> 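The structure is given below, and queries will be raised subsequently.
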Amino acid sequence: MVCPALLLQSFIWFSLMSTGVQYEVSHIVSSMCVVRQSTVLIPCKYDGYGFGKQVSSAEWLHEKAAKQKLSVSQDSAFAGRVEFMTDSGNCSLVLRDVRVSDAGIFSFMLTDDSGHNWTNTQGVRLEVTDVEVEVKTQSDVVMEGDWIFFSCGSCIPSMTVPTYTWRKDGHLHSQHYGNNMLDVESVMLEDGGLYLCIISGHEGLNSTQVNITVRPGGPPKSVSVSVSGSAVIVSGDSVTLSCSSDSNPPAVNFTWLKETQSSAVGSGQSFSALDSGRYYCEAENKYGSQRSESVSVTNKDEESSSSWIMFTAGITAAAFVASVILIVSIWLLIRR
């Protein structure tokens, strides 16, 4: 007995129509989706067959692989599971206990007494879905703030639009009518758990389960700057600074700054300092940023030049003071 709900799809049919001395087979739909272990009705009707020619045979063909068509009635894989409607003008096919292996293209064919076949090469593609949870994540390791995308089955059944129920750790998570997707954005620690789905009308099918583990995340920690070799610049050379951090997820952006400047002086995990000053770096991931302590870099040439200037200034100052003392002493002697 065919499920009454399946008869609702009676608008899906094949027609064999007379066009003068020609006959045309056309399909109203090109594809259908059914859930494994359910019953599907592929409606079909024919009319207008005449002109003295008689139907010698009629059969349904199943094409599982390209250009490999087998008669459904002769294929042992369909034994005991198919029923052909034999009412006048009715050529519908009923397929029970649908299996994943039934997926493929079904087409109806008539053969007249002259040996001419009437069919449609397009047929109807049957897709079979299971109650199987598939998941896509932003990265291999799910972190706080990531997104998770679940799907229940490979397609949505054509016969009746079902309600999809999602359960997490045995408790109701959400329900969606006609939508087999579950999208979790900005994942939190509590979103971790065991997920499964249920398709209304097919509650007896066991769903696959997916276990989601969410790891905590945050802005970079322990950001520090290390100096490669000496922190002293020698005549035209540079000092290489490296920025490191303890980040989960890893830092993706590194910015270098100098305490005397408001704008950045460089980017990347390493930086070549050409001038004296105090430098620090900022490490950033999607949760935020953190800066390091400053390190000092000196330029030997600038240091030598500065020392000479200070020495010269000291000599000049000493000479000036000596001159003043001498002038004051002479003035005092003259007054006496």
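Predicted model, so just to flag it, every value in this text is computed and none were measured.
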> Hey, mind stepping through Q74 and L70 against side chain to side chain contact (heavy atoms under 4.5 Å, CB included) and telling me if it holds?
CA-CA 7 Å; Q74 298 176 12; L70 295 176; over 6 Å; no
> Say whether, by atom type as modelled, one donor and one acceptor occur between the side chain of R278 and the main chain of V295 under 3.5 angstrom.
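No, because the side chain of R278 does not come within donor-acceptor range (under 3.5 Å) of the backbone of V295.
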> Give a yes or no on whether the backbone of C281 and the side-chain of S292 come within a donor-acceptor separation of less than 3.5 Å.
yes
> So, do S73 and F84 sit near enough that their side-chain heavy atoms are less than 4.5 Å apart?
yes
> With hydrophobic residues grouped by side-chain heavy-atom distances under 4.5 Å, do F106 and V128 end up in a single group?
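Both belong to a single hydrophobic cluster.
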> Under a 3.5 Å cutoff, is there a donor and acceptor pairing between the side chains of S289 and E282?
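S289 vs E282: no donor-acceptor pair found between side chains.
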> On a heavy-atom basis, which atom in G178 and which in I156 lie closest, and how many Å separate them?
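What the structure gives for the nearest pair is O-CD1, 3.2 Å.
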> Ignoring hydrogens and geometry, is there a side-chain-to-backbone donor-acceptor pair from S242 to S270 under 3.5 Å?
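No; judged by distance alone, with no hydrogens or angles, the pair does not exist.
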> When you look at S276 and V297, which way does the side chain to side chain contact (heavy atoms under 4.5 Å, CB included) test go after all the steps?
CA-CA 5 Å; S276 298; V297 174; 5.7 Å; no
> Determine yes or no for a side-chain-to-main-chain donor-acceptor pair under 3.5 angstrom, with D191 supplying the side chain and M188 the backbone.
yes
> Can you name the nearest heavy-atom pair linking G123 to I105, along with the distance?
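Scanning both residues completely, I find the closest heavy atoms to be CA-CG2, 3.9 Å.
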> Using distance alone, with no hydrogens and no angle criterion, decide if S224 and S244 have a side-chain donor and acceptor under 3.5 Å apart.
yes
> Is there a side-chain contact between S207 and V133 (heavy atoms, below 4.5 Å)?
yes
> Provide the closest heavy-atom pair for A58 versus L110 in the form atom of the first, atom of the second, distance.
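Closest approach of A58 to L110, heavy atoms only: CB-CD2, 3.3 Å.
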> Does V142 belong to the same Ile/Leu/Val/Met/Phe/Trp/Tyr cluster as W166, with side-chain heavy atoms less than 4.5 Å apart forming each link?
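In one cluster: yes.
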> Please check this pair: side chain of D146 against backbone of Q138, looking for a donor-acceptor N/O pair closer than 3.5 Å.
no
> Could you tell me the separation between the CD atom of Q290 and the CD atom of E284, rounded to the nearest 0.5 Å?
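So the CD of Q290 and the CD of E284 are separated by 12.0 Å.
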> Any side-chain donor paired with an acceptor under 3.5 Å for S200 and H202?
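There is no such pair between these side chains.
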> Between S294 and E259, is any side-chain donor less than 3.5 angstrom from a side-chain acceptor?
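Short answer, yes.
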> Output, in order, the C-alpha distance, side-chain angles, deciding distance and verdict of side chain to side chain contact (heavy atoms under 4.5 Å, CB included) for T129 and C33.
CA-CA 7 Å; T129 183; C33 172; 4.0 Å; yes
> State the CD-CG distance between E83 and L41, to the nearest 0.5 angstrom.
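Here the rounded value is 9.5 Å.
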> Q269 side chain to C243 main-chain N or O, any donor-acceptor pair under 3.5 Å?
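Checking the backbone N and O of C243 against the side chain of Q269, a donor-acceptor pair under 3.5 Å is found.
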> Going by the rule ring-ring contact (aromatic ring centres under 6.0 Å, His included), which residues pair with H173 if we only count those two or more places apart in sequence or in a different chain?
Y195
> Quick check on salt bridge (Lys or Arg N to Asp or Glu O under 4.0 Å): which of R125, R81, K64 does D102 satisfy it with?
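Filter result, single survivor: R81.
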> Could you grab the distance from atom CG of L196 to atom CD of Q209, nearest 0.5 Å is fine?
5.0 Å
> At what distance, to the nearest 0.5 angstrom, does OG1 of T163 lie from CD of Q175?
6.5 Å
> Are I199 and V161 connected in the hydrophobic side-chain network, where two residues link if heavy atoms are under 4.5 Å apart?
no
> For V239, run the side chain to side chain contact (heavy atoms under 4.5 Å, CB included) check against L274, V227, N299 and tell me which one passes.
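Going through the options one by one, the only one that passes is V227.
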> Mind checking the SG-CD spacing from C155 to E127? Nearest 0.5 Å is all I need.
3.5 Å
> Using a 4.5 Å cut-off on heavy atoms from C-beta on, say whether the side chain of L182 contacts that of F149.
no
> Could you tell me whether the side chain of Q37 reaches within less than 4.5 Å of the side chain of L205, counting heavy atoms only?
yes
> Does atom CD of E293 have more than 12 heavy-atom neighbours, drawn from other residues, nucleotides or ligands, at distances under 6.0 Å?
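It does not: E293 CD has 12 such atoms or fewer within range.
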> Mind checking whether W60 and F108 have parallel, tilted or perpendicular rings, split at 30° and 60°?
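Because their plane-to-plane angle lies in the 30° to 60° range, the rings of W60 and F108 count as tilted.
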> Measure the acute angle between the ring planes of F271 and Y279, then classify it against the limits of 30° and 60° as parallel, tilted or perpendicular.
tilted
> Looking only at non-hydrogen atoms, find the nearest pair between G277 and K258 and report the distance.
CA-CE, 3.8 Å
> What pair of heavy atoms forms the shortest contact from P220 to G288, and how long is it?
CD-O, 3.4 Å
> Would you tell me whether E185 and W147 have side-chain atoms, one donor and one acceptor, within less than 3.5 Å of each other?
no
> Within the 4.5 Å heavy-atom criterion, are W256 and V225 side-chain neighbours or not?
yes
> How far does CZ of R36 sit from CG of D130, to the nearest 0.5 angstrom?
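Taking CZ in R36 and CG in D130, the distance rounds to 4.0 Å.
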> For L194, does its backbone N or O pair with a side-chain atom of D169 as donor and acceptor, under 3.5 Å?
yes
> Can M181 be reached from V131 by stepping across I, L, V, M, F, W or Y side chains whose heavy atoms are under 4.5 Å apart?
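No, V131 and M181 fall in different hydrophobic clusters.
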> Heavy atoms, side chains only, cut-off 4.5 Å: are S107 and V124 in contact?
no
> So do I148 and V135 actually touch side chain to side chain, heavy atoms under 4.5 Å?
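Touching, per the 4.5 Å side-chain cut-off.
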> Centroid-to-centroid, Y164 to H176, below 6.0 Å?
no
> With side chain to side chain contact (heavy atoms under 4.5 Å, CB included) as the test, would you mind laying out the steps for T39 and V94 before giving the verdict?
CA-CA 7 Å; T39 298; V94 177; 3.9 Å; yes
> Closest approach of P250 and N285, non-hydrogen atoms and distance?
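Taking every non-hydrogen atom into account, O-CB, 3.6 Å.
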> Tell me, do V35 and V98 make a side-chain contact under 4.5 Å, heavy atoms counted?
no
> Does L257 belong to the same Ile/Leu/Val/Met/Phe/Trp/Tyr cluster as V223, with side-chain heavy atoms less than 4.5 Å apart forming each link?
no
